[in-house]
Enquirer: 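This is the structure I have questions about; it appears just below.
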Amino acid sequence: MTPMRSAYLHLATVAMESAGDVQAPDLAAPGAAVTRELCGSWDHPPPCPLAPHHTRPEQNGDTVTLRIIFATEPANEALVRSRIDGALRRSLTGPDGRASYWAFLGGGPGELDPSEAEHARRLAGD
């Protein structure tokens, strides 16, 4: 029998200078770093094998909090959280060769907002 996936929220905070909004390429870069780390590349058919996920950045000045909803087997939760934080400890050079930089301020478990519940269920395959 295949273990069931559960949905989790990981909150990670980075500092980065940006004059743009959360759709600007620089502010999307930390989420791209997470995708590359969890999926192995940006180009793959969904879902991600280790942890299907969704990242939503929330900007407050030069601080960006990433709300990362992911689904994985309970035995892989700590591994996924560690890989997310590891990805955010490094800068990112995108497929276009452009480098993005930030400072990792910390990460850890969070609680899903009620508005995220349906998305979390979809990621978990419910």
Side-chain angles (χ1 to χ4, degrees):
M1 183 196 277
T2 304
M4 297 288 295
R5 287 187 170 182
S6 296
Y8 304 93
L9 180 72
H10 191 79
L11 296 175
T13 306
V14 298
M16 58 190 309
E17 294 181 23
S18 178
D21 65 343
V22 294
Q23 299 303 314
D26 283 346
L27 292 174
V34 169
T35 295
R36 187 178 67 184
E37 179 63 28
L38 294 180
C39 304
S41 76
W42 291 292
D43 296 321
H44 66 85
C48 298
L50 174 61
H53 64 282
H54 171 76
T55 302
R56 186 181 79 205
E58 297 176 345
Q59 182 182 14
N60 184 2
D62 288 344
T63 302
V64 178
T65 299
L66 302 162
R67 295 184 64 82
I68 304 162
I69 304 169
F70 68 93
T72 195
E73 290 75 20
N76 290 333
E77 177 189 0
L79 171 66
V80 171
R81 291 185 190 281
S82 173
R83 290 180 71 173
I84 290 169
D85 288 348
L88 295 173
R89 284 186 171 91
R90 301 181 295 273
S91 61
L92 174 76
T93 300
D96 62 358
R98 186 167 174 246
S100 297
Y101 301 95
W102 56 81
F104 178 68
L105 301 177
E111 291 194 30
L112 288 164
D113 184 277
S115 68
E116 297 167 320
E118 180 57 33
H119 198 151
R121 278 192 292 277
R122 284 194 311 271
L123 288 173
D126 291 344

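Quick note: residue numbers are just sequence positions, from 1.
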Enquirer: Show the numbers, then the answer: is there a side chain to side chain contact (heavy atoms under 4.5 Å, CB included) between V34 and F70?
Expert: CA-CA 11 Å; V34 169; F70 68 93; over 6 Å; no

Enquirer: Compare every heavy atom of L92 with every heavy atom of A29, then report the nearest pair and how far apart it is.
Expert: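 Nearest heavy atoms, A29 then L92: O-CD2, 3.3 Å.
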
Enquirer: Which atom pair, heavy atoms only, marks the closest approach of P57 to L66?
Expert: CB-CD2, 3.8 Å

Enquirer: After noting the C-alpha distance and the side-chain angles of T65 and N60, does the key distance pass the side chain to side chain contact (heavy atoms under 4.5 Å, CB included) rule?
Expert: CA-CA 8 Å; T65 299; N60 184 2; over 6 Å; no

Enquirer: Restricting to non-hydrogen atoms, name the atom on A87 and the atom on W102 that form the minimum distance, rounded to 0.1 Å.
Expert: O-CZ2, 4.2 Å

Enquirer: Kindly work out whether a path of hydrophobic side-chain contacts (I/L/V/M/F/W/Y, heavy atoms less than 4.5 Å apart) joins L88 to L105.
Expert: no

Enquirer: Roughly how far, to the nearest 0.5 Å, is the NE2 atom of H54 from the OG1 atom of T35?
Expert: 10.0 Å

Enquirer: Check whether Q59 reaches the backbone of G61 with its side chain - one donor and one acceptor, N or O, closer than 3.5 Å.
Expert: yes

Enquirer: Given side chains that start at C-beta, do those of R83 and L38 come closer than 4.5 Å, heavy atoms only?
Expert: yes

Enquirer: Return the minimal non-hydrogen interatomic distance between T55 and G31, and the atom names on each side.
Expert: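 Distance-wise, the nearest heavy atoms are CG2-CA, 3.9 Å.
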
Enquirer: What distance do T72 atom OG1 and M4 atom CE have between them, rounded to the nearest 0.5 Å?
Expert: 12.5 Å

Enquirer: Report the residues that fulfil side-chain contact (heavy atoms from CB on, under 4.5 Å) with L9, sequence neighbours left out, ordered by chain and then residue number.
Expert: L11, R67, I69, L112, E116

Enquirer: Looking at every heavy atom in both P30 and M16, which two are closest together, and how far apart are they?
Expert: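 Scanning both residues completely, I find the closest heavy atoms to be CG-SD, 3.9 Å.
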
Enquirer: For the residue pair H53 and V80, establish whether any side-chain heavy-atom pair is separated by less than 4.5 Å.
Expert: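 A side-chain contact is absent here, since even the closest heavy-atom pair is not under 4.5 Å.
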
Enquirer: Which pair of non-hydrogen atoms, one from Y101 and one from S91, has the smallest distance, and what is that distance?
Expert: CD2-CB, 3.5 Å

Enquirer: Nearest 0.5 Å, please: how far is CZ in R81 from CG in N76?
Expert: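 One finds 12.5 Å between CG of N76 and CZ of R81.
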
Enquirer: To the nearest 0.5 Å, how far apart are CD in E37 and SG in C48?
Expert: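 The distance works out to 11.5 Å.
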
